[in-house]
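Only one structure is covered here, and it is reproduced in the block below.
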Amino acid sequence: MANQPAVAKTAISPRREEDFPEWYQQVIRAAELADPSDVRGCMVIRPWGYGIWENMQRQLDLMFKATGHRNAYFPLFIPLSYMQKEAEHVEGFAKECAVVTHHRLDIGPDGKMRPAPSAELSEPLVVRPTSETIIGATYAKWVQSYRDLPILINQWCNVVRWEMRPRVFLRTTEFLWQEGHTVHESEVEAREETRRMLDVYETFVRDHLAIPVFSGEKSESERFPGAVQTLCIEAMVQDRKAIQAGTSHFLGQNFSRASGIEFQTRDGRQELGWTTSWGMSTRLVGTLIMAHADDDGLVLPPRIAPTHVVIVPITPKGETRAAVHAAANNLAAALRSISYGGSPLEVEVDQRDLGGGVKNWEWIKKGVPLRVEIGPRDLESGNVAVTRRDQPVKSKEFVLANDFVCRAIEILDSIQHNLFDRAKQFRDANTRIIESKEEFYDFFTPKNPSKPEIHGGFALAHWDGSREVEEQIKSDLKVTIRCIPFTGTPERGTCVFTGAASPQRVVWAKAY
RNA sequence: CGGGGUGUAGCUUAGCUUGGUAGAGCGCCUGGUUUGGGACCAGGAGGUCGCAGGUUCGAAUCCUGUCACCCCGACCA
């Protein structure tokens, strides 16, 4: 007998605990979500990954429409002068802007193509890192009266931020996102909008991505450049780091002032509009991966999966092949007639002439919620073998095909809830109330500094509100305040670092 | 932009010290046996060894330059 390996073979290597960043890359590769591109910092989003993004878009779009928003599209290019309009905004984005300076190529003296010196733009164009400025300039033309308000617009588009250290989905130079931009008559209304859209994100991430979040406000140092207030939702992924899953900004009158969004009020005065902006991006795909995937690959919450059920026909003998395929297709048809989350169940029959094991493992790595095998033995019994992706790989269950059809939605819902519960349990287990500086430093210091193990988590600790403390902690531990959480009953206390008064606990963590 | 490292087939890589113009595993293709946990047998395709120059009869190997990428620091959805 050969030696049993110490740990079961996993589809993804290394495992999460061995090397989390490398595991993440391998999951993306194994699940065929995306490829790194020849252009540094950019990615090719493959159909399986794009399918997930499309489902995110579809669901969020419904939610935006339901809260009164409409889609529009604004230019990719922003005149350089627009970027200068809001001082903090310029400072925040200047270091990561791609700039277009020419509008033609020609052949240079060395015989190679180059931007034609004769075709230099009189004013350089910035590829949008976000669209506040150009949308603001447009809104300034649209708004004259309080009757023109509110303006509630969203756009789906790509943006470019020239990042030093790209990582697929998490931090790419070009990424896809959604940016909402609204103008309101009053501060109260704009603040309500800011909070409403954060709640939309929280609901979406909880109910569709099965990820629990802390929602709250950013500290001043983490605020969006130019915003008065930045709200966010913060998730914990499996290496216990925090990741911002969505943000909503109350911009006050800063961008209105910069862009000249002015309107006549009900009592005849001229007033600046109150604006908001809010966004979430393809980063959520990365968040989803790091939140739920395991050592065998991706694990998709059913509500966001491009395919809910994959049927794998097992056809060992030639004479039963046709009958097995027919049974598989019948089952698929029955399942497709069921509605799930407002549209038909997505069912794939994998008829490729490959071994059952090979096919199964491919779907495991892609994270399909339910796998169903139909083989010759099932033709008479009417059974199918069902495996849930949230259960161990070999936990196959034989059930009557008809029963499975009846219970499919129930099982998917059960997977959805199980993934959420699992993620919440993980987060709660790694969220610690911390009362002293020593405890805090201990929590965020790995046992093995040369090759840090997965450690830390969320620390709920009192903070005196000073920027100095934030900077000290960041430089000592790379830990930052992820948010000042919304809480019904703030618990007063004293800062664990300075002993000064603290109005409430804040969430600290290492972050992506 | 500072410090360190690496470039050989789609991926992981051997060979480099001691020059003799490429080998493996996985993947891919063909045929067959298979198919209910990643199968097997046989055959096959794929590399101007990052790029440019130099030394040499001869360079993946030695020298010079250059480019790219990775890791660690400052920035970030």
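Labels below follow one simple rule: chain letters A, B, ... track the order of the sequence lines, proteins then strands, and each chain is numbered from 1. All heavy atoms count here, side chains included; hydrogens, waters and symmetry mates do not.
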With heavy atoms under 4.0 Å as the rule, sort [X] into base, sugar-phosphate or nothing.
| X | result |
| --- | --- |
| A:Arg377 | base |
| A:Val159 | nothing |
| A:Gly279 | nothing |
| A:Tyr201 | nothing |

If you assign A:Ile12 and A:Arg29 each to the RNA chain B nucleotide with the nearest heavy atom, which residue ends up on the more 5' nucleotide?
A:Arg29

Can you tell me how far [atom1] in [N] sits from the matching atom in [M], rounded to whole Å?
| N | M | atom1 | result |
| --- | --- | --- | --- |
| B:rA59 | B:rU48 | C1' | 13 Å |
| B:rG46 | B:rG2 | P | 44 Å |
| B:rC40 | B:rU35 | P | 14 Å |
| B:rC62 | B:rC16 | P | 10 Å |
| B:rG54 | B:rG27 | P | 43 Å |
| B:rG58 | B:rU13 | C1' | 27 Å |
| B:rU61 | B:rG3 | P | 27 Å |
| B:rA60 | B:rA45 | P | 23 Å |

How would you summarise protein contacts on nucleotides 71-77 of chain B per nucleotide, using B for base, S for sugar-phosphate only and - for none, with heavy-atom distances below 4.0 Å?
-SBB-BB

Spell out protein contact along nucleotides 28-35 of chain B as letters: B when the base is contacted, S when just the sugar-phosphate is, - when no protein heavy atom is under 4.0 Å; keep the 5' to 3' order.
------BB

Name every donor-acceptor pair, under 3.5 Å, that has one atom in a side chain of residues 300-315 of chain A and the other anywhere in the protein, sequence neighbours excluded.
unit_1, atom_1, unit_2, atom_2, d
A:His308, ND1, A:Glu346, N, 2.9
A:His308, NE2, A:Pro302, O, 3.3

When you measure from the centre of the six-membered ring of A:Trp48, is the NZ or CZ of A:Lys366 under 6.0 Å away and within 45° of the axis?
yes

Could you work out, with salt bridge (charged side-chain N to carboxylate O under 4.0 Å, His left out) as the rule, every residue matching [X], not counting sequence neighbours?
| X | value |
| --- | --- |
| A:Lys396 | A:Glu373 |
| A:Asp350 | A:Arg352 |
| A:Glu18 | A:Arg15 |
| A:Arg29 | none |

Rounded to whole Å, CG of A:Asp350 lies from P of B:rG36 at a distance of 12 Å

In this structure, how many angstroms lie between the C1' atom of B:rG27 and the NZ atom of A:Lys365, rounded?
11 Å

Would A:Phe224 and A:Trp278 count as a ring-ring contact (aromatic ring centres under 6.0 Å, His included) if you check the C-alpha gap in whole Å, the side-chain angles of each, and the deciding distance to 0.1 Å?
CA-CA 10 Å; A:Phe224 176 75; A:Trp278 26 274; over 10 Å; no

In terms of heavy-atom contacts, A:Thr101 and A:Pro124 come closest through CG2-CB, 4.4 Å

Residues passing the side chain to side chain donor-acceptor pair (under 3.5 Å) test with A:Glu453, sequence neighbours excluded, are none

Can you name the side chain to side chain donor-acceptor pair (under 3.5 Å) partners of A:Thr172, sequence neighbours left out?
none

Every protein N/O lying under 3.5 Å from an N/O of nucleotides 68-70 of chain B:
unit_1, atom_1, unit_2, atom_2, d
B:rC70, OP2, A:Arg40, NH1, 2.8

Can you tell me which residue pairs pass the ring pair (Phe, Tyr, Trp, His ring centres under 6.0 Å) test with a partner in residues 14-41 of chain A, sequence neighbours excluded?
A:Phe20-A:Trp23

Is there a donor in the side chain of A:Tyr50 and an acceptor in the side chain of A:Asn55, or the other way round, less than 3.5 Å apart?
no

Identified ring pair (Phe, Tyr, Trp, His ring centres under 6.0 Å) partner of A:Trp508 from the options A:Phe440, A:Phe458, A:Phe214
A:Phe440

Report the secondary structure of RNA chain B in dot-bracket form, marking unpaired bases with a dot and bases paired to a different strand with |, and treating Watson-Crick or G-U pairs with both distances under 3.5 Å as paired.
(((((((..((((......[..)))).((((((.....)))))).....(((((..]....))))))))))))....

What distance do A:Asn418 atom CG and A:Ile411 atom CD1 have between them, rounded to the nearest 0.5 Å?
13.0 Å

Spacing of A:Thr276 atom OG1 and A:Arg195 atom CZ [to the nearest 0.5 Å]
14.5 Å

